[in-house]
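Report on the structure given below.
Remember, it's 1-based here, ligands and their atoms both numbered in the order they're listed.
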Amino acid sequence: MPDLGFDPLNREPPATELVSSFLTTKDAYDRNHGDIPEIDASKHQVRVDGAVQTILDLSVSDLEALPQHTVVSALQCAGIRRHTMRTAIKEVQGIDWFDGAVMNCKWRGPRLKDILEKAQVILSKEEKGHVAFASHAQTCQEDEWYGASIDLGRALEEDKDVILALEMNGEPLSKEHGFPVRVIVPGIAGARSVKWLDRITVQTVESSNYYQQHDYKILPPEAVDSETAEKFWDMTPALQTMPVNSAIAVPEPGSKVERSADGMVLVKGFALPSGDGGEVVKVEVSGDDGKTWVEADIGHDADESRWSWRLWKASVKMEAGKGLCIFSRATDAAGETQPKRSQWNLRGVAYNGYGETTDLEVL
Ligand SMILES: Nc1nc2c(c(=O)[nH]1)N[C@H]1C(S)=C(S)[C@@H](COP(=O)(O)O)O[C@H]1N2
Ligand SMILES: [Mo]
């Protein structure tokens, strides 16, 4: 990696804190491939170009003047739970994310679809277009700018809720989270939700940016190091939809756990919907290595949506002992359930094996 003379801001809150509220209003994870730019919103513009009839230059006021849409959605880094993949299966490359690289927020701004309709896309459905997003405000570690793309079809489907967010939880975006405008693509790896957005291009190919082409892909298991990975980057599709997932926040790994008089342990966590398979409909918890499972109570919130997480809790019967673990597994509306372990891949992305908390001492 080139030396930028600083470390980009990359951090996550502990999962125990995250599950204390349905909306992540206090301490959301930060993921940056470069420094955080200071942008003067009064001068900022988003250019819309490429395969469109009319090129648009939209100021922040122009974006505010369009119909605003609110969507409550989880935003998660593709590397969430990488720590479990690398410790339970095999070492991987990438930031050692635990379970906290996710936020569940209320986002508000114009729909991407409305903007593309204003610009009048000239690609037909058969042409399988892409919508590329870019930010030139920031030099990144592996590229001069940050960019990503999603399928044009997804961008144009109203119920996929892709927006250009101006607000997060009722406030203007903070500079860390993309002020004055970022993309939010519900259900898709966070890497595609470009912050400090300044360009939207409709095109017939994916974004050429490093982070679309050479990162954020589920490489086949034959790619075991940077060298062997090289030939697979081009033939591996870019990661888009995230899989159904869950994580255990309480009890924390390595902790001492009290039981109720009847031998029950209280377990709490969150579950994430999948990008295409719908919301989380069931969460199960096991205190005996997956031999038996109890169904967790899934909490409901007035703000919940098909894209939001669910907070859940359960009581599991456990014997006293040391070195014990608890598992969780979520199921989405399409019937997809987390596997015990998901496929190892060099970059450690999209891990959705059972949620787990290990090394517990049950008293
Ligand atoms: N311009 C820009 N957008 C970006 C990134 C970045 O480094 N630069 N990181 C991406 C990644 S990998 C993730 S997971 C999310 C993180 O959003 P957050 O920092 O608001 O948590 O932003 C995405 N958008
Ligand atoms: Mo990410």
Side-chain angles (χ1 to χ4, degrees), residues 1-2 4 6-13 18 23-39 44 46 73-83 92-107 109 132-150 162-169 171-200 207 209-218 238-242 245 272 275 347-351:
M1 278 184 196
L4 296 177
F6 67 94
D7 283 329
L9 176 64
N10 289 307
R11 48 163 298 284
E12 68 185 299
L18 269 180
L23 288 179
T24 312
T25 50
K26 280 197 294 281
D27 185 18
Y29 82 99
D30 293 284
R31 175 65 176 115
N32 294 289
H33 293 279
D35 58 353
I36 291 173
E38 294 273 352
I39 292 181
H44 189 75
V46 180
S73 175
L75 174 71
Q76 53 180 318
C77 186
I80 188 171
R81 309 197 55 225
R82 179 178 286 141
H83 182 78
V92 299
Q93 296 177 347
I95 295 179
D96 192 20
W97 293 115
F98 285 67
D99 297 344
V102 55
M103 59 180 100
N104 189 64
C105 296
K106 190 183 278 192
W107 310 96
F133 309 117
S135 170
H136 299 86
Q138 178 198 42
T139 307
C140 294
Q141 288 162 299
E142 310 288 355
D143 208 325
E144 292 300 307
W145 51 290
Y146 188 86
S149 59
I150 61 168
V162 184
I163 65 167
L164 303 193
L166 301 165
E167 286 181 15
M168 174 174 164
N169 300 323
E171 309 269 347
L173 292 176
S174 64
K175 66 176 185 183
E176 290 80 4
H177 297 301
F179 180 82
V181 56
R182 82 175 301 166
V183 186
I184 289 293
V185 194
I188 299 287
R192 316 300 174 213
S193 287
V194 174
K195 302 188 277 189
W196 316 291
L197 176 74
D198 55 34
R199 191 158 174 193
I200 300 171
S207 169
N209 191 264
Y210 181 93
Y211 300 100
Q212 182 82 16
Q213 298 294 334
H214 228 82
D215 199 351
Y216 299 111
K217 294 190 176 189
I218 304 177
L239 176 59
Q240 296 283 356
T241 51
M242 291 295 286
N245 215 337
L272 293 163
R347 296 308 315 280
V349 291
Y351 184 72

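Heavy atoms only, all atoms of each residue included: Phe179 and Ile39 are closest at CE2-O, 3.6 Å. Counting all heavy atoms, side chain and backbone alike, Asn32 lies closest to Pro8 at O-CB, 3.2 Å. Contact between Phe133 and Val194 at its shortest, heavy atoms only, is CB-CG2, 3.7 Å.
Classification of the His33-Tyr146 ring pair by plane angle, with boundaries at 30° and 60°, yields parallel. The aromatic rings of Tyr29 and Trp97 sit perpendicular, their planes meeting at an angle over 60°, well past the 30° parallel limit.
With a heavy-atom cut-off of 4.0 Å, Tyr29 touches ligand 1 through backbone and side chain alike. Residue contacts with ligand 1, taken as heavy atom pairs separated by less than 4.0 Å, involve Ser135 solely via side-chain atoms from C-beta onward. Only the side chain of Met103 comes within 4.0 Å of ligand 1, counting heavy atoms alone; its backbone N, CA, C and O stay farther away.
Residue-ligand proximity, Tyr216 to ligand 1, at heavy-atom distances under 4.0 Å covers atoms 12 (S). Distances below 4.0 Å separate heavy atoms of Cys77 from the following atoms of ligand 1: 14 (S). The contact set between ligand 1 and Asp30, taken as ligand atoms under 4.0 Å from a residue heavy atom, comprises 19 (O), 21 (O). Below 4.0 Å from some heavy atom of Val194 lie the following atoms of ligand 1, by number and element: 3 (N), 24 (N). For ligand 1 and Asn32, the ligand atoms under 4.0 Å from any heavy atom of the residue are 7 (O).
If you check each of Pro8, Ala191, Ser193 against atom 24 (N) of ligand 1, the one with the closest non-hydrogen atom is Ser193.
Among Lys106, Met103, Arg182, the single residue meeting the side-chain contact (heavy atoms from CB on, under 4.5 Å) criterion with Met168 is Met103. For the side-chain contact (heavy atoms from CB on, under 4.5 Å) with Val102, the lone residue among Leu75, Asn245, Leu18 that qualifies is Leu18.
The residues Asp30 and Lys195 are annotated as not salt-bridged, no charged nitrogen and carboxylate oxygen being separated by less than 4.0 angstrom.
Nearest non-hydrogen protein atom to atom 7 (O) of ligand 1 is His33 N, 2.8 Å. Closest to atom 23 (C) of ligand 1 among all protein heavy atoms lies Gly190 O, 3.3 Å. Among protein heavy atoms, atom 8 (N) of ligand 1 sits closest to Gln138 OE1, 3.0 Å. Protein heavy atom at the shortest distance from atom 9 (N) of ligand 1 is Arg31 O, 3.4 Å. What sits closest to atom 10 (C) of ligand 1 on the protein, heavy atoms only, is Tyr146 OH, 3.6 Å. Closest protein heavy atom to atom 22 (O) of ligand 1: Arg182 NH2, 3.2 Å.
Residue Trp196 places no N or O, backbone or side chain, under 3.5 Å from any N or O of ligand 1. At least one N or O atom of His177, backbone or side chain, sits closer than 3.5 Å to an N or O atom of ligand 1. Residue contacts with ligand 1: Gln76 is placed with no nitrogen or oxygen under 3.5 Å of a nitrogen or oxygen of the ligand (distance criterion only). For Lys195, a nitrogen or oxygen atom sits less than 3.5 Å from a nitrogen or oxygen atom of ligand 1, counting backbone and side chain alike.
Between the Asp198 side chain and the His44 main chain, no donor and acceptor come within less than 3.5 Å of each other.
Between Glu176 and Leu9 the shortest side-chain heavy-atom distance falls below 4.5 Å.
Distance CD/Gln240 to CD/Gln212: 6.0 Å, rounded to 0.5 Å.
Ligand 1 has no atom lying under 4.0 Å from any heavy atom of Tyr211.
Surrounding CD of Glu144 are at most 12 heavy atoms belonging to other residues, nucleotides or ligands under 6.0 Å away.
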